[in-house]
Trainee: 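Before anything else, here's the structure in question.
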Amino acid sequence: MSVRVRFAPSPTGTLHVGSARTALFNWLYAKHHRGTFVLRIEDTDQKRSNPAFVEDILASLHYLGIVADEGPTFQSQRLALYRQHADQLIAQGKAKTEDGGVVFPVAPQTVTFRDLVHGDITVDTSLFEQLVLMKSDGLPTYNFACVVDDAAMQITHVIRGDDHIANTPKQLILYQALGLTPPAYAHIPLIVGSDRARLSKRTGATAVADYRDVGYLPEAFVNYLALLGWAPGGNRECIPPTEIVELFDVARVRKAAAQFDQQKLDWLNGQYIKQATVERLTDLFAERLIAKGLVSVTYDRAWLSRIAGLLRDRLKTLSQLEEEHRFLFVEPIEYEDEAVQQLLRRDGIAANLSALKDRLKQLGSFETPQVEQAARALIAQRGLGAKDLIHPTRVAVTGRAVSPPLFEVMSIVGQAKVIGRLEYAAAHLAG
RNA sequence: GUCCCCAUCGUCUAAUGGCCAGGACAACAGCCUUUCGAGCUGACAAUGCGGGUUCGAUUCCCGCUGGGGACACCA
């Protein structure tokens with residue numbers, strides 16, 4: 001029997017990191033076993049469901065590269081199916097109408113099921129003496145719709161969060177009442193925040209879309225998520241998604257909750273950015289910069305490629321591009337007060353910057369070696385330490401005390417702009 | 001409160017009775033360097049506690065403690 005799994009989010013919020021990991025594990029399991037991954041939207045809460053969240057969920061899954069083999073299917077469009085099953089139980093005397101809904105009395109018993117990650121779990125059903133099947137608004141409840149759909153869709157494995165363990169015995173009872181065969185279950189541990197409680201906005205971003213927007217590469221995010229609660233054995237950390245598919249084994253999923261660690265995510269993302277080709281990085285940069293209005297749609301690709309090459313092994317997130325390197329894209333630049341105070345307001349700086357400007361004006365080529373040569377020559381001529389010229393120049397050209405290697409930055413910014421910035425700094429900022 | 005689940009460095013994890021409990025992130029130190037970063041090197045750091053079982057327990061069993069989750073006509 002081929003594997004069929006499903007991811008069944010409810011559109012009552014943006015796609016949460018925890019849900020994304022559940023989706024990922026299902027997807028990995030399906031792909032590993034050459035099975036089918038079904039997407040089902042559980043929109044049976046009329047008050048809280050919102051089409052905008054469906055869009056967010058779809059977009060977020062797309063970002064992660066998790067594509068559904070079937071679906072999305074909407075529960076709100078299969079009401080007849082649930083009604084039919086409820087009627088069947090009523091006809092058999094197993095359920096009854098109450099307050100306009102349908103309820104299912106539960107006989108006290110102990111239910112044991114074998115969980116793929118936890119082993120046997122036993123629950124006493126006297127904890128819940130009845131289950132609501134259909135609400136008085138005509139929509140099915142979660143546990144009922146879930147059972148009817150999983151059976152109808154021939155789901156073989158239900159992989160979901162730990163927090164659903166208590167629902168499983170309820171669903172098992174319904175399978176039995178309906179005469180249906182239940183799937184296998186794997187309850188994966190929750191992702192928790194730094195407070196060890198389930199990941200919430202309180203301890204960091206929870207929406208997958210936010211991570212996308214900050215500039216985490218999908219394979220880095222997927223890689224990180226996969227490592228939360230699972231490890232292939234050996235000492236692999238940086239494992240591209242295609243390889244994770246091959247290695248993934250739900251039996252190796254840990255039982256304990258895993259804490260989300262942004263620093264490790266950052267490190268992994270940096271690794272993937274470093275491994276990305278300049279071509280790809282240029283595309284990613286262009287997309288961001290155009291969206292933020294920092295370059296025009298007719299941007300100079302060769303120029304942006306140089307920037308990609310320069311920043312490739314310095315970025316942890318793509319957002320650092322526009323946050324820390326605005327001086328590459330805007331004119332005039334902004335100057336950090338502290339950098340100006342510490343590095344420009346000193347005797348002789350203005351003269352040095354002015355002298356450098358004069359030398360740079362003479363240059364026929366503004367490639368990095370020529371720029372560096374001009375600066376070094378001035379340093380030698382004036383008997384300066386290299387830092388004495390370089391640091392103030394950095395502030396004059398970038399507005400900041402830290403930047404990528406200065407001479408390449410200058411070359412990229414270009415002769416005219418560099419000269420203009422040196423002139424401005426010498427005249428208005430330097431001592 | 002009741003029920004369920006869980007427990008290895010600060011964090012993510014490896015080791016499913018047997019080499020000095022391994023790796024990674026972070027933090028720290030050093031090297032490199034025009035700043036930062038990247039890179040390289042180094043040091044520090046864990047089996048929650050108490051009982052068992054066993055020649056031998058991170059590993060198996062029991063208890064405790066601690067943490068989390070679930071207890072809706074939400075999903």
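A note on names: the letters A, B, ... follow the listed sequences, proteins ahead of strands, and every chain is numbered from 1. These values consider heavy atoms only, across backbone and side chains, with no hydrogens, waters or symmetry-generated copies.
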Trainee: Could you check which of B:G67, B:U34, B:G69 has an atom nearest any side-chain atom of A:Arg196?
Mentor: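 Out of B:G67, B:U34, B:G69, the nucleotide with an atom closest to A:Arg196's side chain is B:G67.
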Trainee: Without hydrogens or angle criteria, can the side chains of A:His428 and A:Tyr335 be said to hold a donor-acceptor pair below 3.5 Å?
Mentor: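 No donor-acceptor contact under 3.5 Å links the two side chains.
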Trainee: Heavy atoms from C-beta onward define the side chain here; which of B:C25, B:C6, B:C4 lies closest to that of A:Ile165?
Mentor: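 When the side chain of A:Ile165 is considered, B:C4 is the closest of B:C25, B:C6, B:C4.
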Trainee: Measuring only the C1' atom in each nucleotide, how far is B:A26 from B:G63? A whole number of Å is fine.
Mentor: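 Each nucleotide's C1' atom is 36 Å from the other's.
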Trainee: Side chain of A:Asn167, base of B:A75: donor and acceptor closer than 3.5 Å?
Mentor: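 In this structure, the two groups form a donor-acceptor pair.
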Trainee: Among B:U11, B:U34, B:A26, which nucleotide has an atom closest to any side-chain atom of A:His391?
Mentor: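 Of all the options, the side chain of A:His391 is nearest to B:U34.
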Trainee: For the side chain of A:Ser136 and the base of B:C73, is some donor closer than 3.5 Å to an acceptor across the two?
Mentor: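 For A:Ser136, whose side chain was compared with the base of B:C73, there is a donor-acceptor pair (under 3.5 Å).
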Trainee: Is there a donor N/O on one and an acceptor N/O on the other, under 3.5 Å, for the side chain of A:Lys264 and the base of B:A24?
Mentor: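 Yes, the side chain and the base share a sub-3.5 Å donor-acceptor pair.
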Trainee: Classify the side chain of A:Arg400 and the base of B:U35 as holding, or not holding, a donor-acceptor pair under 3.5 Å.
Mentor: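 Such a pair does not exist between side chain and base.
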Trainee: When the nearest nucleotide of RNA chain B is assigned to A:Leu190 and to A:Gln46 on a heavy-atom basis, which residue is associated with the more 5' position?
Mentor: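 By nearest-heavy-atom nucleotide position, the 5'-most residue is A:Leu190.
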Trainee: Counting the benzene-type ring for Trp, do A:His157 and A:Phe25 have ring centres under 6.0 Å apart?
Mentor: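 A:His157 vs A:Phe25: aromatic centres not under 6.0 Å.
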Trainee: Centroid separation under 6.0 Å, is that true for the rings of A:Tyr211 and A:Phe260?
Mentor: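 Yes, the ring of A:Phe260 comes within the 6.0 Å limit of the ring of A:Tyr211, centre to centre.
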Trainee: Is a donor-acceptor contact shorter than 3.5 angstrom present between the side chain of A:Asp99 and the base of B:C73?
Mentor: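 A donor-acceptor contact between them is present.
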Trainee: Could you please name the option among B:C12, B:A75, B:U34 that lies closest to any side-chain atom of A:Pro405?
Mentor: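 Nucleotide nearest to A:Pro405's side chain: B:U34.
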Trainee: Select base, sugar-phosphate, or nothing to describe what A:Thr44 touches, counting heavy atoms under 4.0 Å on all strands.
Mentor: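 Sugar-phosphate contact only.
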Trainee: Looking only at side-chain atoms of A:Tyr142, point me to the closest of B:A75, B:U34, B:U13.
Mentor: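 It is B:A75.
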Trainee: Using the six-membered ring wherever Trp is involved, compare the ring planes of A:Phe221 and A:Tyr216 and label them parallel, tilted or perpendicular (cut-offs 30° and 60°).
Mentor: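 Tilted: the ring planes of A:Phe221 and A:Tyr216 meet at 30° to 60°.
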